[in-house]
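Computation of the quantities below employed the complete heavy-atom set of this structure, encompassing side-chain atoms and omitting hydrogens, waters and symmetry-equivalent molecules. Just so it is clear, the structure is predicted and the values come from calculations on it, not from any experiment.
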Amino acid sequence: MEEFIKFSEINKPDERHALLEQVTGTRFTLECLYSALDEITLIAGVPEEIQSQFNVTKNLAIYTWYSYSLDPVVKLKTYILIEHALKVKTGKKKWPFPKLIKRAIRSGWVKDSGFRHIEYDELNPDMYVEDMIELLPIMRNAAAHGSNDLYQGAVLYIQICADWINQIFSSKKE
């Protein structure tokens with residue numbers, strides 16, 4: 001069970017990082033986390049309101065060092081930010097998430113080739129983004145309704161979020 005952090009432990013890393021280090025044999029430090037997050041950037045054309053919330057998400061991810069259980073919050077924030085970016089791009093504030101994703105694909109704003117975490121398939125160049133029409137809203141909703149799942153995925157989710165946002169705003173508005 002998660003407990004409220006003791007004041008004397010606020011500046012100490014969450015002990016679960018050390019446990020992961022024992023299991024994986026890989027040393028994970030605050031400096032490593034910061035460096036990985038610092039390398040993830042948005043392009044110049046991204047609106048300030050999206051850039052600002054992206055930085056909030058990265059700042060939240062830094063604090064997973066001190067509270068491992070913030071990782072699912074970072075995950076949820078990335079989903080919310082992708083949806084918000086699509087609403088800003090389309091100007092359709094009331095459209096549901098799947099419809100926004102379909103619009104982004106149909107308009108050519110997002111393509112499989114723009115994601116660094118997947119292997120691009122020339123024979124099926126939109127396989128990933130087409131799957132996201134259904135899966136991304138499901139993953140967002142699952143994250144919003146809570147989970148006890150804990151794993152250090154903040155950096156990956158922020159990379160994926162950046163890939164979505166950079167593609168969305170690198171294209172001209174239709």
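Residues Ile80 make up the rest of the hydrophobic cluster containing Leu76, defined by ILVMFWY side-chain heavy atoms closer than 4.5 Å, directly or through other members. Listed by chain and number, the hydrophobic cluster partners of Phe7 are Ile5, Ile10, where partners are ILVMFWY side chains within reach of under 4.5 Å, directly or through others.
Atom CG of Asp112 sits about 4.0 Å away from atom CD1 of Ile118, to the nearest 0.5 Å. For the atom pair Leu86 CG and Ser107 OG, the distance stands at 10.0 Å (nearest 0.5 Å).
Remark: Ala61 engages Leu37, Val74, Ala154, Ile158 in a side-chain contact (heavy atoms from CB on, under 4.5 Å) (not counting sequence neighbours). Applying the salt bridge (Lys or Arg N to Asp or Glu O under 4.0 Å) test to Asp163 and every residue at least two apart in sequence or in another chain returns Arg116. For Lys93, the side-chain contact (heavy atoms from CB on, under 4.5 Å) partners at least two apart in sequence or on another chain are Lys87, Val88.
Evaluation of the salt bridge (charged side-chain N to carboxylate O under 4.0 Å, His left out) test over residues 6-15, restricted to residues two or more places apart or in two chains, returns Asp14-Arg16.
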Check residues 120-142 and write down every donor-acceptor pair under 3.5 Å in which the side-chain atom is one partner and the other belongs to a residue at least two apart or another chain.
{"from": "Asp121", "atom 1": "OD1", "to": "Leu123", "atom 2": "N", "distance (Å)": "2.9"}
{"from": "Tyr128", "atom 1": "OH", "to": "His117", "atom 2": "NE2", "distance (Å)": "3.1"}
{"from": "Arg140", "atom 1": "NH1", "to": "Glu83", "atom 2": "OE1", "distance (Å)": "2.5"}
{"from": "Arg140", "atom 1": "NH1", "to": "Glu83", "atom 2": "OE2", "distance (Å)": "3.4"}
{"from": "Asn141", "atom 1": "ND2", "to": "Pro137", "atom 2": "O", "distance (Å)": "3.3"}

Hey, can you pull the donor-acceptor pairs under 3.5 Å for the side chains in residues 41-57, sequence neighbours left out?
{"from": "Glu49", "atom 1": "OE1", "to": "His84", "atom 2": "NE2", "distance (Å)": "2.9"}
{"from": "Gln51", "atom 1": "NE2", "to": "Val46", "atom 2": "O", "distance (Å)": "2.6"}
{"from": "Gln53", "atom 1": "OE1", "to": "Lys77", "atom 2": "NZ", "distance (Å)": "2.4"}
{"from": "Asn55", "atom 1": "ND2", "to": "Gln51", "atom 2": "O", "distance (Å)": "3.4"}
{"from": "Thr57", "atom 1": "OG1", "to": "Gln53", "atom 2": "O", "distance (Å)": "2.8"}

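Between Trp65 and Phe28, the angle of the ring planes lies from 30° to 60°, which puts this pair in the tilted group.
Between Trp109 and Phe169, the distance separating the two ring centers is not shorter than 6.0 angstrom.
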